[in-house]
Amino acid sequence: MYALVDCNNFYASCERLFRPDLQNKPIIVLSNNDGCIIARSGEAKVLGIGMGEPFFKIKALCKQHQVHVFSSNYTFYGDMSQRVMSVIEDSWPNVEIYSIDEAFLDLKSLPASQQEAFCHGLEQKIVRYTGIPVSIGIGPTKTLAKLANHIAKKELKIPVFNIDNQRFWLSRIAIGDVWGIGRQWSKKLSQQGINTAFDLASIELCRLKQLFYVMVQRTALELSGVVCAGLDEFDSRKSIIASKSFGQMQTAYTPIAQAVSSHCARACEKLREQNLLVGHMSVFIQTNRFRLDLPQYNYSIAYKLEYPTDDLRSLTHRAKFCLRQMFRPGFHYQKAGICFTDLISKEQVQMDLFNQPSDEQIKQSEQLMSVWEAINNKYGRHTLRLAAEGRGKSWEMRSELRSPSYTTKWSDLPLVRL
DNA sequence: TCTGGGGTCCTAGGACCC
DNA sequence: TCTGGGGTCCTAGGACCC
């Protein structure tokens, strides 16, 4: 049996934590650049505010209903996520952290009769320790646990639900609400007369094989109770991306090069946090796809590194080289970014017969990068940075409604008056 | 005026090999 | 007129997730 713990309206719940005055008030959280809605409190959902909707389209509605609007504050949400996850990991040994607000538990070592009681206890513990409300779904496969969670939240509005002896629920769940079945496939499945989770669970596999990829077959099997995917407890990342839209469209080379350098530094931070080296990078730039009146240009250039590295200086140098190759004047650019792939663990580097850097080079680079990190950890991010990042950030994103970083910044600690 | 960012997995098709 | 069979590896693109 598996359990899925999922935080309720996670970002909205975080924003409410240090703002008790927002209890029972509608709250929404915006994506980077204050562009789209990415989280809504229950009260905001009732108003008909959709997930992913562009903010400018519903600004008037928000004003009319006094919706509290926040820019996203990932430092804060990330910290709250860690707190929730550590409560879960302290309570149970087999945990897969699936996303910022979800975790799967493998409950097989617990007698069936105790599973629900354990989940009730966990749910209460999480809300008591962190203030974040969660829902927990229990089922014989991950897909069914996910579905049980959906039923707990959307249908029954209870904190814990076990679908094991209540499979009749499958016939009440639309095919598009099943984990792994998105827009395109649910359309295709409907054309075949498959409209509910029950339909998909009971279809003959050979019929599915002719029409769909293995992913759909796997989902069908999981719905019928056959485990196709176990717990993935070891986080081995396969790519790292850092990219952001510009606050305003950019036409000149220099600010874009500074943005790419800054994204490269962020990607490099993530790389080093996980003790990885990168073998392959690609840099991309894009114009604004919504501005059909302007000429469009999207391009990316890949660069295979001479040897895997985590040295920010050489990574930035290569990233700028890629950008120079593809930058064309005369366009209004909206976004730039960088992607690292071919990630390998620092402990398992394959040496190269021709391009192996000397031990001395590796040692020097590591010394420099660790001092660099130590300074930034002590005095704050960006205290030390490459000149390539520039100083004034004319390209920086909009984030006008950001809440304080209550739990990660001394100057932002909440004040309590008695 | 204003439209996110960061991931995974799978498949088809091309280039190459013997 | 007729033109093999069996592989691997890489990349782009499309689907999905939160």
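Computation of the quantities below employed the complete heavy-atom set of this structure, encompassing side-chain atoms and omitting hydrogens, waters and symmetry-equivalent molecules.
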- For DNA chain C, produce a single dot-bracket line, 5' to 3'. Pairs: Watson-Crick or G-U wobble, both distances under 3.5 Å. Symbols: ( ) within strand, [ ] crossing, | other strand, . unpaired. ....||||||||||||||
- Can you list the steps and then say if A:E373 with A:R272 is a salt bridge (Lys or Arg N to Asp or Glu O under 4.0 Å)? CA-CA 9 Å; A:E373 262 168 2; A:R272 289 185 51 89; 2.7 Å; yes
- Task: Step through it carefully: locate the ring centre of A:F76, locate the ring centre of A:Y74, and say whether they are under 6.0 Å apart.
- Result: no
- Before accepting this row, confirm whether a basic side-chain N of the pair A:E396/A:K244 lies closer than 4.0 Å to the acidic partner's carboxylate O. no
- Note on the structure: Residues at least two apart in sequence or cross-chain that pass side chain to side chain contact (heavy atoms under 4.5 Å, CB included) with A:R83, listed by chain then number, are A:D79, A:M80, A:T130, A:T407
- Using a cut-off of 4.0 Å on non-hydrogen atoms, how would the nucleic acid contact of A:F290 be classed: base, sugar-phosphate, or nothing? base
- Query: With A:N195, which residues qualify under side-chain hydrogen bond (donor to acceptor under 3.5 Å, both in side chains), at least two apart?
  - Reply: A:S190
- Task: Decide ring-ring contact (aromatic ring centres under 6.0 Å, His included) for A:F118 and A:W92; before the verdict, give the C-alpha distance in whole Å, the side-chain angles of both, and the deciding distance to 0.1 Å.
- Result: CA-CA 10 Å; A:F118 169 77; A:W92 192 250; 5.1 Å; yes
- Task: Indicate whether the side chain of A:N9 and that of A:K45 have a donor and an acceptor atom separated by less than 3.5 Å.
- Result: yes
- Task: Would you kindly say whether A:D6 and A:S135 are connected by a side-chain donor-acceptor distance under 3.5 Å?
- Result: no
- If you measure only the distance, is there a donor-acceptor pair under 3.5 Å linking the side chains of A:E389 and A:S261? no
- Task: Could you list by number each residue of residues 330-346 of chain A showing a heavy-atom separation from DNA chain B of less than 4.0 Å, or answer none if no residue does?
- Result: A:Q334, A:K335
- Query: When you measure from every atom of DNA chain B, which of residues 240-258 of chain A have a heavy atom less than 4.0 Å away?
  - Reply: A:I240, A:I241, A:A242, A:S243, A:K244, A:S245
- No-hydrogen, no-angle side-chain donor-acceptor test under 3.5 Å, A:N298 and A:Q286: no
- Task: Could you list the residues that satisfy side-chain hydrogen bond (donor to acceptor under 3.5 Å, both in side chains) with A:R313, not counting sequence neighbours?
- Result: A:D311
- Query: Under the side-chain hydrogen bond (donor to acceptor under 3.5 Å, both in side chains) test, which residues partner A:Y77, sequence neighbours left out?
  - Reply: A:E15
- Message: Can you give me the first and the last nucleotide of DNA chain B (5' to 3') that has an atom within less than 4.0 angstrom of a non-hydrogen atom in chain A?
- Response: B:dC2 to B:dT11
- Test of ring centre spacing under 6.0 Å for A:Y333 and A:F327: yes
- What does A:K238 touch in the nucleic acid at a heavy-atom separation under 4.0 angstrom: a base, only the sugar-phosphate, or nothing? sugar-phosphate
- Which is true for A:N32 with a 4.0 Å heavy-atom rule: it touches a base, it touches only sugar-phosphate, or it touches nothing? sugar-phosphate
- Task: For DNA chain B, determine which residues of residues 265-286 of chain A have any heavy atom closer than 4.0 angstrom to one of its atoms, and list them numerically.
- Result: A:R266, A:K270
- Item | A:E273 bridged to A:R237 by N-O distance under 4.0 Å | no
- Message: Counting the atoms with a prime plus P, OP1 and OP2 as sugar-phosphate, which does A:F55 contact under 4.0 Å by heavy atoms, base, sugar-phosphate, or nothing?
- Response: nothing
- Query: What is the nucleic acid contact for A:E53, judged by heavy atoms within less than 4.0 Å: base, sugar-phosphate only, or nothing?
  - Reply: nothing
- Query: For DNA chain C, which residues in residues 141-163 of chain A have a heavy atom at a distance below 4.0 Å?
  - Reply: A:K146
- Message: Over all strands shown, is A:D101 touching base, sugar-phosphate only, or nothing at heavy-atom distances under 4.0 angstrom?
- Response: sugar-phosphate
- Message: If you take the centroid of each ring, where Trp contributes its six-membered ring, are A:H382 and A:W372 closer together than 6.0 Å?
- Response: no
- Item | Partner residues of A:D101 under the side-chain hydrogen bond (donor to acceptor under 3.5 Å, both in side chains) criterion, sequence neighbours left out | A:S99
- Message: Nearest heavy atom decides the nucleotide; on that basis, is A:F56 or A:V214 closer to the 5' end of DNA chain B?
- Response: A:F56
Review item, side-chain donor-acceptor pairs of residues 318-326 of chain A, under 3.5 Å, at least two apart:
residue : atom : partner : partner atom : Å
A:R318  : NH1  : A:S314  : O            : 3.4
A:R318  : NH2  : A:E306  : OE1          : 3.2

- May I ask you to decide if the ring planes of A:F331 and A:Y297 are parallel, tilted or perpendicular, using 30° and 60° as cut-offs? parallel
